[in-house]
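Okay, structure first, notes after.
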2 protein chains.
Amino acid sequence: MSTAKKLELSPIQNNALRVSHLLRQLSHPQRLLILCLLSGGEASVHEILERTELSQSHLSQEINKLKAEGFISSRKEGRLIYYKLHDQRIKKLIQSLQKIFC
Amino acid sequence: MSTAKKLELSPIQNNALRVSHLLRQLSHPQRLLILCLLSGGEASVHEILERTELSQSHLSQEINKLKAEGFISSRKEGRLIYYKLHDQRIKKLIQSLQKIFC
DNA sequence: TTAATTTATTATAAATTTATAATATATCAA
DNA sequence: TTGATATATTATAAATTTATAATAAATTAA
(Lines give C-alpha, C1' and ligand atoms only; values in the text may rest on other atoms or scores of the structure.)
Protein backbone atom coordinates (compact mmCIF):
# COMPACT_ATOMS: atom_id res chain seq x y z
CA MET A 1 0.00 0.00 0.00
CA SER A 2 2.62 2.52 0.99
CA THR A 3 4.78 0.85 -1.64
CA ALA A 4 2.12 1.37 -4.26
CA LYS A 5 1.83 4.96 -3.21
CA LYS A 6 5.57 5.42 -3.54
CA LEU A 7 5.57 3.95 -7.03
CA GLU A 8 2.93 6.42 -8.12
CA LEU A 9 5.18 9.36 -7.28
CA SER A 10 6.91 11.32 -9.96
CA PRO A 11 10.68 10.87 -10.13
CA ILE A 12 11.14 14.34 -8.69
CA GLN A 13 8.84 13.66 -5.78
CA ASN A 14 10.66 10.42 -5.24
CA ASN A 15 14.03 12.11 -5.15
CA ALA A 16 12.75 14.70 -2.73
CA LEU A 17 11.50 11.92 -0.50
CA ARG A 18 14.74 9.95 -0.60
CA VAL A 19 17.02 12.87 -0.06
CA SER A 20 14.94 14.63 2.57
CA HIS A 21 14.74 11.42 4.54
CA LEU A 22 18.47 11.14 4.52
CA LEU A 23 18.95 14.79 5.43
CA ARG A 24 16.71 14.30 8.43
CA GLN A 25 19.48 12.18 9.92
CA LEU A 26 21.95 15.03 9.52
CA SER A 27 19.55 17.55 10.98
CA HIS A 28 20.28 16.62 14.57
CA PRO A 29 23.33 18.41 15.98
CA GLN A 30 24.92 15.49 17.74
CA ARG A 31 24.25 13.07 14.88
CA LEU A 32 25.79 15.51 12.45
CA LEU A 33 28.76 15.85 14.76
CA ILE A 34 29.20 12.09 14.90
CA LEU A 35 29.32 11.94 11.12
CA CYS A 36 31.79 14.83 11.02
CA LEU A 37 34.04 13.08 13.52
CA LEU A 38 33.88 9.87 11.52
CA SER A 39 34.66 11.71 8.31
CA GLY A 40 38.10 12.09 9.92
CA GLY A 41 38.37 8.31 10.34
CA GLU A 42 37.30 5.46 12.54
CA ALA A 43 36.45 6.00 16.23
CA SER A 44 35.25 3.87 19.11
CA VAL A 45 31.93 4.56 20.77
CA HIS A 46 33.84 5.71 23.80
CA GLU A 47 35.87 8.21 21.81
CA ILE A 48 32.70 9.53 20.22
CA LEU A 49 31.05 9.76 23.62
CA GLU A 50 33.82 12.03 24.84
CA ARG A 51 33.42 14.39 21.91
CA THR A 52 29.65 14.68 21.77
CA GLU A 53 27.21 15.91 24.37
CA LEU A 54 25.14 12.78 24.69
CA SER A 55 24.54 10.31 27.46
CA GLN A 56 25.84 6.81 26.83
CA SER A 57 22.39 5.47 26.21
CA HIS A 58 21.39 8.29 23.95
CA LEU A 59 24.58 8.03 21.93
CA SER A 60 24.00 4.34 21.43
CA GLN A 61 20.54 5.03 20.08
CA GLU A 62 21.73 7.70 17.71
CA ILE A 63 24.52 5.49 16.45
CA ASN A 64 21.92 2.86 15.83
CA LYS A 65 19.90 5.15 13.61
CA LEU A 66 22.95 6.07 11.57
CA LYS A 67 23.79 2.40 11.21
CA ALA A 68 20.23 1.49 10.27
CA GLU A 69 20.41 4.03 7.46
CA GLY A 70 23.63 2.46 6.27
CA PHE A 71 25.60 5.64 6.91
CA ILE A 72 28.13 3.97 9.22
CA SER A 73 29.44 0.49 9.84
CA SER A 74 31.07 -1.17 12.83
CA ARG A 75 33.96 -3.40 13.70
CA LYS A 76 34.41 -5.07 17.05
CA GLU A 77 37.77 -5.31 18.75
CA GLY A 78 37.77 -6.75 22.24
CA ARG A 79 35.19 -4.83 24.14
CA LEU A 80 35.48 -1.78 21.98
CA ILE A 81 33.36 -1.16 18.93
CA TYR A 82 34.72 1.05 16.21
CA TYR A 83 32.51 2.89 13.78
CA LYS A 84 33.37 4.48 10.47
CA LEU A 85 31.59 6.12 7.57
CA HIS A 86 30.17 3.48 5.27
CA ASP A 87 28.49 5.59 2.60
CA GLN A 88 30.62 7.55 0.17
CA ARG A 89 27.78 9.90 -0.64
CA ILE A 90 27.49 10.85 3.00
CA LYS A 91 31.21 11.47 3.10
CA LYS A 92 30.92 13.78 0.09
CA LEU A 93 27.97 15.54 1.63
CA ILE A 94 29.80 16.17 4.89
CA GLN A 95 32.69 17.60 2.93
CA SER A 96 30.37 19.85 0.95
CA LEU A 97 28.77 21.06 4.17
CA GLN A 98 32.14 21.89 5.65
CA LYS A 99 33.16 23.69 2.51
CA ILE A 100 29.97 25.73 2.33
CA PHE A 101 29.22 26.45 5.98
CA CYS A 102 32.43 26.17 8.03
CA MET B 1 20.44 32.26 29.55
CA SER B 2 20.12 30.24 26.38
CA THR B 3 22.49 32.80 24.89
CA ALA B 4 25.00 32.18 27.65
CA LYS B 5 24.68 28.47 27.06
CA LYS B 6 25.33 28.92 23.39
CA LEU B 7 28.44 30.98 24.04
CA GLU B 8 29.83 28.24 26.21
CA LEU B 9 29.76 25.76 23.35
CA SER B 10 32.91 24.79 21.56
CA PRO B 11 33.22 26.09 18.00
CA ILE B 12 32.62 22.59 16.70
CA GLN B 13 29.47 22.15 18.75
CA ASN B 14 28.36 25.53 17.58
CA ASN B 15 28.84 24.65 13.93
CA ALA B 16 26.99 21.39 14.39
CA LEU B 17 24.13 23.32 15.92
CA ARG B 18 24.01 25.96 13.20
CA VAL B 19 24.27 23.56 10.31
CA SER B 20 21.95 20.88 11.69
CA HIS B 21 19.31 23.50 12.30
CA LEU B 22 19.52 24.61 8.72
CA LEU B 23 19.47 21.04 7.42
CA ARG B 24 16.30 20.42 9.36
CA GLN B 25 14.58 22.75 6.94
CA LEU B 26 15.75 20.66 4.00
CA SER B 27 14.72 17.43 5.65
CA HIS B 28 11.07 17.76 4.74
CA PRO B 29 10.32 16.42 1.25
CA GLN B 30 8.05 19.22 0.08
CA ARG B 31 10.25 21.95 1.55
CA LEU B 32 13.26 20.45 -0.16
CA LEU B 33 11.30 20.32 -3.39
CA ILE B 34 10.35 23.97 -3.07
CA LEU B 35 14.01 24.90 -2.74
CA CYS B 36 14.92 22.72 -5.71
CA LEU B 37 12.24 24.37 -7.83
CA LEU B 38 13.46 27.80 -6.82
CA SER B 39 17.05 26.88 -7.58
CA GLY B 40 15.82 26.95 -11.17
CA GLY B 41 14.57 30.52 -10.74
CA GLU B 42 11.74 32.56 -9.37
CA ALA B 43 8.23 31.12 -9.06
CA SER B 44 4.87 32.29 -7.79
CA VAL B 45 3.15 30.57 -4.91
CA HIS B 46 0.62 29.27 -7.35
CA GLU B 47 3.25 27.73 -9.58
CA ILE B 48 4.86 26.10 -6.57
CA LEU B 49 1.49 24.84 -5.40
CA GLU B 50 1.00 23.02 -8.68
CA ARG B 51 4.35 21.28 -8.44
CA THR B 52 4.29 20.20 -4.82
CA GLU B 53 1.85 17.97 -2.98
CA LEU B 54 0.72 20.44 -0.38
CA SER B 55 -2.57 22.11 0.39
CA GLN B 56 -2.65 25.87 -0.12
CA SER B 57 -2.57 26.52 3.59
CA HIS B 58 0.19 24.06 4.25
CA LEU B 59 2.31 25.41 1.42
CA SER B 60 1.95 28.91 2.78
CA GLN B 61 3.18 27.77 6.17
CA GLU B 62 6.15 25.94 4.74
CA ILE B 63 7.08 28.92 2.62
CA ASN B 64 6.92 30.99 5.76
CA LYS B 65 9.45 28.81 7.50
CA LEU B 66 11.85 29.03 4.58
CA LYS B 67 11.44 32.76 4.55
CA ALA B 68 11.91 33.06 8.30
CA GLU B 69 15.23 31.24 7.93
CA GLY B 70 16.26 33.68 5.25
CA PHE B 71 16.46 30.96 2.61
CA ILE B 72 14.02 32.63 0.25
CA SER B 73 12.71 36.13 -0.40
CA SER B 74 9.56 37.44 -1.99
CA ARG B 75 8.41 40.03 -4.47
CA LYS B 76 4.84 41.06 -4.96
CA GLU B 77 3.35 41.69 -8.37
CA GLY B 78 -0.34 42.37 -8.51
CA ARG B 79 -1.98 39.60 -6.63
CA LEU B 80 0.83 37.18 -7.23
CA ILE B 81 3.78 36.73 -4.95
CA TYR B 82 7.01 35.45 -6.41
CA TYR B 83 9.64 33.71 -4.34
CA LYS B 84 13.26 33.06 -5.11
CA LEU B 85 16.32 31.67 -3.38
CA HIS B 86 17.88 34.33 -1.23
CA ASP B 87 20.83 32.49 0.32
CA GLN B 88 23.76 31.59 -1.88
CA ARG B 89 24.88 28.89 0.49
CA ILE B 90 21.53 27.17 0.18
CA LYS B 91 21.81 27.37 -3.57
CA LYS B 92 25.23 25.75 -3.43
CA LEU B 93 23.94 23.09 -1.08
CA ILE B 94 21.02 22.23 -3.35
CA GLN B 95 23.44 21.91 -6.24
CA SER B 96 25.70 19.65 -4.20
CA LEU B 97 22.75 17.49 -3.26
CA GLN B 98 21.70 17.15 -6.86
CA LYS B 99 25.22 16.28 -7.88
CA ILE B 100 25.62 13.67 -5.17
CA PHE B 101 22.19 12.08 -4.99
CA CYS B 102 20.35 12.63 -8.27
C1' DT C 1 34.29 -16.15 39.92
C1' DT C 2 33.69 -11.33 40.70
C1' DA C 3 33.96 -6.71 39.53
C1' DA C 4 34.71 -3.22 36.20
C1' DT C 5 34.19 -1.49 31.62
C1' DT C 6 31.94 -0.86 27.17
C1' DT C 7 28.02 -0.89 24.54
C1' DA C 8 23.02 -2.03 23.57
C1' DT C 9 18.09 -2.33 24.57
C1' DT C 10 13.56 -1.11 26.23
C1' DA C 11 10.07 1.79 27.93
C1' DT C 12 8.36 6.10 28.10
C1' DA C 13 7.94 11.20 29.08
C1' DA C 14 8.59 15.53 26.87
C1' DA C 15 9.20 18.33 22.97
C1' DT C 16 8.78 19.34 18.30
C1' DT C 17 6.96 18.88 13.71
C1' DT C 18 3.51 18.10 10.36
C1' DA C 19 -1.00 18.43 8.54
C1' DT C 20 -5.85 19.93 8.38
C1' DA C 21 -9.67 22.99 8.73
C1' DA C 22 -11.50 27.32 9.11
C1' DT C 23 -11.07 31.96 8.34
C1' DA C 24 -8.99 36.34 6.90
C1' DT C 25 -6.88 39.66 3.71
C1' DA C 26 -5.61 41.71 -0.58
C1' DT C 27 -6.13 42.41 -5.42
C1' DC C 28 -8.41 42.42 -9.63
C1' DA C 29 -12.30 41.95 -13.03
C1' DA C 30 -16.98 42.41 -14.17
C1' DT D 1 -19.95 46.90 -5.34
C1' DT D 2 -19.65 41.97 -5.88
C1' DG D 3 -17.44 37.91 -6.79
C1' DA D 4 -13.36 35.42 -7.93
C1' DT D 5 -8.56 34.52 -7.26
C1' DA D 6 -4.16 34.36 -4.68
C1' DT D 7 -2.03 34.12 -0.45
C1' DA D 8 -1.67 34.32 4.74
C1' DT D 9 -2.99 33.35 9.50
C1' DT D 10 -4.63 30.85 13.50
C1' DA D 11 -5.86 26.99 16.15
C1' DT D 12 -5.18 22.48 16.94
C1' DA D 13 -5.05 17.31 16.20
C1' DA D 14 -1.91 13.77 14.96
C1' DA D 15 2.53 12.00 14.23
C1' DT D 16 7.27 11.89 14.95
C1' DT D 17 11.52 12.83 17.32
C1' DT D 18 14.36 13.49 21.22
C1' DA D 19 15.90 12.57 25.76
C1' DT D 20 16.07 10.09 30.18
C1' DA D 21 16.14 6.25 33.25
C1' DA D 22 16.63 1.63 34.11
C1' DT D 23 18.45 -2.55 32.85
C1' DA D 24 20.91 -6.04 30.11
C1' DA D 25 24.75 -8.22 27.70
C1' DA D 26 29.45 -8.90 26.44
C1' DT D 27 34.26 -8.64 27.40
C1' DT D 28 38.26 -8.34 30.14
C1' DA D 29 41.08 -7.99 34.42
C1' DA D 30 41.94 -9.22 39.01
Side-chain angles (χ1 to χ4, degrees), chain A residues 1-2 5-6 9 13 16-35 37-38 42-69 71-84 86, chain B residues 1-2 5 9 13 16-35 37-38 42-69 71-84:
Chain A
M1 211 155 193
S2 91
K5 210 163 193 176
K6 192 167 186 182
L9 291 179
Q13 281 288 339
L17 211 59
R18 268 194 319 121
V19 177
S20 65
H21 176 83
L22 164 166
L23 289 173
R24 173 64 49 112
Q25 290 300 119
L26 308 209
S27 78
H28 179 279
Q30 304 304 311
R31 270 197 313 263
L32 180 59
L33 189 51
I34 293 170
L35 293 173
L37 295 182
L38 294 184
E42 223 183 29
S44 71
V45 174
H46 204 75
E47 288 165 348
I48 300 172
L49 187 57
E50 284 172 342
R51 306 178 65 184
T52 55
E53 298 196 332
L54 293 171
S55 67
Q56 185 274 315
S57 165
H58 193 183
L59 173 59
S60 188
Q61 290 175 73
E62 297 303 349
I63 281 180
N64 226 326
K65 291 178 195 167
L66 295 174
K67 198 176 177 186
E69 293 293 330
F71 290 3
I72 63 179
S73 61
S74 64
R75 170 174 79 78
K76 198 169 182 180
E77 189 176 320
R79 54 181 151 177
L80 301 183
I81 297 184
Y82 291 90
Y83 283 92
K84 66 174 180 185
H86 183 66
Chain B
M1 210 159 194
S2 89
K5 208 163 195 178
L9 289 179
Q13 281 288 340
L17 211 59
R18 267 193 322 122
V19 177
S20 65
H21 176 83
L22 164 165
L23 288 174
R24 173 63 50 110
Q25 290 300 117
L26 308 208
S27 78
H28 179 278
Q30 303 304 312
R31 272 199 311 266
L32 180 58
L33 189 51
I34 292 170
L35 294 173
L37 295 181
L38 295 183
E42 224 183 30
S44 71
V45 175
H46 204 77
E47 288 165 347
I48 300 172
L49 187 56
E50 284 172 341
R51 305 178 65 184
T52 54
E53 298 197 330
L54 293 170
S55 68
Q56 184 276 314
S57 165
H58 193 184
L59 173 59
S60 187
Q61 290 175 72
E62 297 304 348
I63 280 181
N64 226 326
K65 291 178 195 167
L66 295 173
K67 197 175 180 186
E69 294 293 331
F71 290 2
I72 63 179
S73 62
S74 64
R75 172 176 78 80
K76 197 169 182 178
E77 191 176 319
R79 53 182 150 175
L80 301 183
I81 298 186
Y82 290 90
Y83 284 94
K84 67 174 177 184

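From a predicted model like this one, the values you see are computed outputs, not experimental measurements.
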- [ ] Let me know the distance between CD1 of Ile81(B) and P of dT25(C), rounded to the nearest Å.
- [x] 15 Å
Task: Spacing of CG belonging to Leu54(A) relative to CG belonging to Leu33(A), to within rounding of 0.5 Å - done: 8.5 Å
TODO: Would you mind reading off the distance between Leu54(B) atom CG and dT17(C) atom P, rounded to a whole angstrom?
DONE: 17 Å
Open item on the list: Let me confirm one number: the CD1-NZ distance from Ile34(B) to Lys65(B), rounded to the nearest 0.5 Å.
Closed with: 10.0 Å
Open item on the list: Quick check: on DNA chain C, is the nucleotide nearest Glu62(B) upstream (toward 5') of the one nearest Gln56(B), or the reverse? Name the residue that is more 5'.
Closed with: Glu62(B)
- [ ] Take the protein atom CD of Glu47(A) and the nucleotide atom P of dT5(C), then report the distance between them rounded to whole Å.
- [x] 17 Å
Task: Spacing of NE2 belonging to His21(B) relative to NE2 belonging to His28(A), to within rounding of 0.5 Å - done: 14.0 Å
Open item on the list: If you assign His28(B) and Tyr82(A) each to the DNA chain C nucleotide with the nearest heavy atom, which residue ends up on the more 5' nucleotide?
Closed with: Tyr82(A)
Task: Check: Gln30(B) side chain, Leu59(B) main-chain N or O, donor-acceptor pair, under 3.5 Å - done: no
TODO: Could you work out which one of dT9(D), dA19(D), dT7(C) sits closest to the side chain of His58(A)?
DONE: dA19(D)
TODO: Record whether the side chain of Ser57(A) comes under 3.5 Å of the base of dT9(C) through a donor-acceptor pair of N or O atoms.
DONE: yes
Open item on the list: Nearest whole Å is fine: how far is dT7(C) P from Tyr83(A) OH?
Closed with: 9 Å
Open item on the list: Just the rounded figure in Å: distance from C1' of dT27(D) to CG of Leu80(A).
Closed with: 10 Å
Open item on the list: Using a 4.0 Å heavy-atom cut-off, does His46(A) contact any base of the nucleic acid, only the sugar-phosphate backbone, or nothing at all?
Closed with: sugar-phosphate
TODO: Identify which nucleotide among dT27(C), dT20(C), dT20(D) has an atom closest to any side-chain atom of Arg79(B), counting heavy atoms from C-beta outward.
DONE: dT27(C)
Open item on the list: Measuring to OP1 and OP2 of dT17(D), would you say a side-chain N or O of Lys65(A) lies under 4.0 angstrom away?
Closed with: no
TODO: Supply the atom-to-atom distance Leu37(A) CG to Leu32(A) CG, rounded to the nearest 0.5 angstrom.
DONE: 9.5 Å
Open item on the list: Considering every strand and a 4.0 Å limit on heavy-atom distances, what is the contact class for Lys76(B): base, sugar-phosphate, or nothing?
Closed with: sugar-phosphate
Task: Integer-rounded Å distance: dT16(C) P and Arg31(B) CZ - done: 15 Å
- [ ] Measure the distance from CD on Gln25(A) to P on dT16(D) and round it to the nearest whole Å.
- [x] 15 Å
Open item on the list: Can you say whether a donor on the side chain of Gln30(B) sits under 3.5 Å from an acceptor on the base of dT18(C), or the other way round?
Closed with: no
- [ ] Taking only the side-chain nitrogens and oxygens of Arg24(A), find out if one of them lies under 4.0 Å from OP1 or OP2 of dT16(C).
- [x] no
TODO: Report the nucleotide, chosen from dT7(D), dA11(C), dT17(D), that has the shortest atom-to-atom distance to any side-chain atom of Gln61(A).
DONE: dA11(C)
Open item on the list: I need the CZ-P distance between Arg75(B) and dT27(C), as an integer number of Å.
Closed with: 15 Å
- [ ] Confirm from the modelled atom types if Ser60(B) and dT9(D) form a donor-acceptor pair under 3.5 Å, side chain to base only.
- [x] no
Task: 5' precedence on DNA chain D between Ile63(B) and Glu77(A) (nearest-nucleotide basis) - done: Ile63(B)
Open item on the list: Quick check on dA8(C): is either OP1 or OP2 less than 4.0 Å from any side-chain nitrogen or oxygen of Asn64(A)?
Closed with: no
Open item on the list: Quick check for you: to the nearest 0.5 Å, what is the distance between Arg31(B) atom CZ and Leu66(B) atom CG?
Closed with: 6.5 Å
